[in-house]
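These notes are about the structure you will find just below.
The structure displayed is predicted, hence computed values, not measured ones. Computed over heavy atoms, backbone and side chain alike; hydrogens, waters and symmetry mates excluded. Numbers restart at 1 for each chain; the letters A, B, ... are given by sequence-line order, proteins then strands.
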Number of protein chains: 2
Amino acid sequence: MSGKRPAADDGQAARTEGAAPAQPRGSVMRDVARLAGVSHQTVSRVLNEHPNVRQETRRRVLEAMQALNYRRNLAARTLVTRRSGTLGVVGLETTLFGPASMLYGIEDAARTAGYFVTVASVRTLERRSVVEAVDRLCQQSVEGIIAIAPKPAVTNALVQVPPGLASVGVGGGADDDAVPTVRIDNAAGARLATQHMLDLGHSTVHHVAGPADWPEARERVEGWRSTLYAAGAPVPPVEPGSWSAQSGYEQGQVLARDPSVTAIFCANDQIALGVLRALHEAGKRVPRDVSVVGFDDMPDSGYFLPPLTTVHQDFAELGRRSLAVLLDQLKQGGERPPDHVLLAPELVVRASTAAARRARRGPAGPAAIR
Amino acid sequence: MSGKRPAADDGQAARTEGAAPAQPRGSVMRDVARLAGVSHQTVSRVLNEHPNVRQETRRRVLEAMQALNYRRNLAARTLVTRRSGTLGVVGLETTLFGPASMLYGIEDAARTAGYFVTVASVRTLERRSVVEAVDRLCQQSVEGIIAIAPKPAVTNALVQVPPGLASVGVGGGADDDAVPTVRIDNAAGARLATQHMLDLGHSTVHHVAGPADWPEARERVEGWRSTLYAAGAPVPPVEPGSWSAQSGYEQGQVLARDPSVTAIFCANDQIALGVLRALHEAGKRVPRDVSVVGFDDMPDSGYFLPPLTTVHQDFAELGRRSLAVLLDQLKQGGERPPDHVLLAPELVVRASTAAARRARRGPAGPAAIR
DNA sequence: CGCTAACTTGTGATCGGTAACAACTGGGCT
DNA sequence: AGCCCAGTTGTTACCGATCACAAGTTAGCG
């Protein structure tokens, strides 16, 4: 019905736009061109900051654009240039603090770089749903894909994105070398946490782990284990859990019953929260009886009871860096060098850790005060 | 049948469509048409599930699409149909639990409805930046805009989105009638929380508020105040704060010094966490000495010390409902009826509230136990 | 047998931009 | 003057889909 542009109204009939600044359907480049008395191509040149446009002409065009409240149609531009100016993010549908922070870090950095962001979230990290999400993004003609990719299935799915499409995985582990990733050095973080408690005089450190199928969780286990090993400390058994406070609570109850446990490294802050509660309910005092360290440094961790010593991750920076890697690829024409950026975490010492009390074992050894 | 297609088979045959599944540049409709021996229009019909296509033809086309790994180009489709199949979300760049959850609720619902989502996040909720975000989304030819809009500046900015574009604000308050909103009944939630503690025998309830310029925070204050008023209880003064645990901690320290404080309603769970810590440090026991209620019911609240009684908001549902409202508008051709959906919150009673201890104050009336 | 109706399929125009090329200007230089 | 080149502008083709319309087929029916 509305496809009726006044085709007959060619040439000089341009008088029509006399006093109607508001087009019913939004104005297009030709409208601007007509009002400014130039060709549509000149308008395009102004828009794209082509150098060879006379100052005076540019001014007239800009004025016309203003008057008509012109907005360029990105679909048309995308169609012809094959560049959408859009990046896709595959995100896990979760409110885990980390992924959510990264999303905003990415969006922010993308906007600064002049890109739009469309998200395709997946409810589970199975290969199938991830591939589907990637597919949806491809249809959108995204120029690159950032996957908030804590699990190998995701980076694997990334491998088969069409060639020429940039991609990067952020967060998670690095089982695969085919796709560049940006992540935090989880093992180093775990080392920091474990060594901290060892230095405090604890004879060993227990660990409450995250899900076994998350490389992030595995790397933390690894860092913890190797630190204990290097220090000649015994390595207690670990059982995988989930990332939730509930999981921490459940495993915490078990640990709380064991009098030999004096130091616990938790795979994230939420787990730590659950552990803290379990210890409290069992009558153990933190940090007097047991020291606890978390991982992530969510904004609330400083207000736990007691304030949590934890390993700080800079999620926003993670987002920014992943974007930088993506843009590099874009600049290099879709080449996908297997970069692996590794960010160093940082230990934030608060009140949930303290020096081990001396000699704990045997018939109630004399507990030193401090 | 195929006799009439020699034109396509000219010198261009270098295209290599023999059996190569992976075209260098991706295949387009014409490639599929050629392989299936039909016209591009027929391919389009199959794609759009037009009824009048012979079974056999459809099969051939589908096969060809499969073989070429064809993906329709949405930019082209958007250009001609003026429908992008994309919804825009204006989100606050924050990791507050609420906004993040809503985003995923929206994305999930949108995907189910066959829409894509592109986000434009803003760092602050000033009018300027919101208008800019809306503008960016318009360029993208989004069909509708959902604003995670806790502040009036946002809904106001929404008023001036181009006509014909659907829009809805989700979360936040409702100062404005011009734009439909979906939100939770904050006042009712506050009432639930306050009444709960009143019923427990507390002579009054103190409140630690959120930011003064967030309608959500104001409505909670209002609900709290009116409940006290209706019960004839004194209304303690309130001071605005932020949504953070730190803010709760600071105000909590003040309240902890006041022996008359036995019940505190916090504007959200994070504030409650800070209050809990302040009370703890001041030697007050929760809920023995002081009862505390939060708002939001974040996943961790059940593991605070003690587990927090709080007002539950269903953020995912909020996201879904807002999408439903948006789709309604779309169906009705861009009409924007000022719908205002109000969701009822729910009180989740855990361990941070208990009956008031009797006679605390000199000549105060005897508080009934229970 | 001829005519209309329903079903299939193809042709050409079109959406709103950008790219390539052509045309026209006006110096500067030989 | 004549030539060339850089600066400026317009013309036309094209990106890849959908839509409107037309054409060819098959079937139904008086």
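To the nearest angstrom, P of D/dC14 lies 23 Å from CZ of A/Arg83. Remark: C1' of D/dC14 and NE2 of A/His40 are 12 Å apart, rounded to the nearest angstrom. Look at CG on A/Asn73: it is 16 Å from P on D/dA17, rounded to the nearest Å. What separates CG of A/Leu47 from C1' of D/dT9 is a distance of 17 Å, to the nearest Å. The distance between atom CE of B/Met65 and atom C1' of D/dG16, rounded to the nearest whole Å, is 15 Å. Rounded to a whole Å, the CZ atom of B/Arg30 is 13 Å from the P atom of C/dT11. What separates CZ of A/Arg60 from C1' of D/dT8 is a distance of 12 Å, to the nearest Å. At whole-Å resolution of the value, CG in B/Asp31 and C1' in D/dA17 are 13 Å apart.
One finds the OG1 atom of A/Thr86 at 7.0 Å from the CD atom of A/Glu143 (value rounded to the nearest 0.5 Å). Residue B/Met65 holds its CE atom at 5.5 Å from CG of B/Leu47, rounded to the nearest 0.5 Å. Atom CD1 in A/Ile146 sits 11.0 Å away from atom CG in A/Leu137 (nearest 0.5 Å). For the atom pair NZ of A/Lys331 and CG of A/Leu326, the computed distance is 11.0 Å after rounding to the nearest 0.5 Å.
Between B/Thr42 and C/dT9 there is no side-chain N or O to OP1 or OP2 distance below 4.0 Å. In this model, the phosphate group of D/dG16 is approached by a side-chain N or O of A/Arg82 to a distance below 4.0 Å at OP1 or OP2. Remark: A/Arg77 is in phosphate contact with C/dT18, judged by side-chain N or O atoms under 4.0 Å from OP1 or OP2. Under 4.0 angstrom from either OP1 or OP2 of C/dG17 there lies at least one side-chain N or O belonging to A/Tyr70. Residue A/Thr81 places no side-chain N or O under 4.0 Å from the OP1 or OP2 atom of C/dT18. Phosphate contact (OP1/OP2 of C/dC15, side-chain N/O of B/Thr78, threshold under 4.0 Å): absent.
Evaluated for a side chain to side chain contact (heavy atoms under 4.5 Å, CB included) with B/Leu87, the options B/Val142, B/Val119, B/Leu323 yield exactly one hit, B/Leu323.
In this structure, of D/dA17, D/dG10, C/dT18, it is C/dT18 that holds the atom nearest to the side chain of A/Asn48. In this structure, of D/dT18, C/dG16, C/dG10, it is D/dT18 that holds the atom nearest to the side chain of B/Val80. Counting only heavy atoms from C-beta on, B/Leu79 has its side chain closest to C/dC15 among C/dC15, D/dA17, D/dT18.
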Item to check | Full working for side chain to side chain donor-acceptor pair (under 3.5 Å) between B/Thr124 and B/Glu126 | outcome: CA-CA 6 Å; B/Thr124 64; B/Glu126 293 148 19; 3.2 Å; yes
Checklist entry - Are A/Asn48 and A/Arg72 close enough, and set up right, to give a side chain to side chain contact (heavy atoms under 4.5 Å, CB included), and what steps lead you there? => result CA-CA 11 Å; A/Asn48 295 310; A/Arg72 101 175 1 139; 2.9 Å; yes
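Between B/Arg320 and B/Glu317 there is a salt bridge, with a side-chain nitrogen of the basic residue lying less than 4.0 Å from a carboxylate oxygen of the acidic one.
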Report, one pair per line, the protein and nucleotides 4-8 of chain C atoms (nitrogen or oxygen only) whose separation is under 3.5 Å.
none

When you compare the protein's N or O atoms with those of nucleotides 20-26 of chain C, which come within less than 3.5 Å of each other, and at what distance?
unit_1: C/dA20; atom_1: N6; unit_2: A/Gln41; atom_2: NE2; d: 3.2

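Checked by atom type, the side-chain pair B/Thr118/B/Arg136 shows no donor-acceptor distance below 3.5 Å.
Residues A/Cys138 and A/Leu165 approach most closely at SG-CD2, 3.8 Å, considering heavy atoms.
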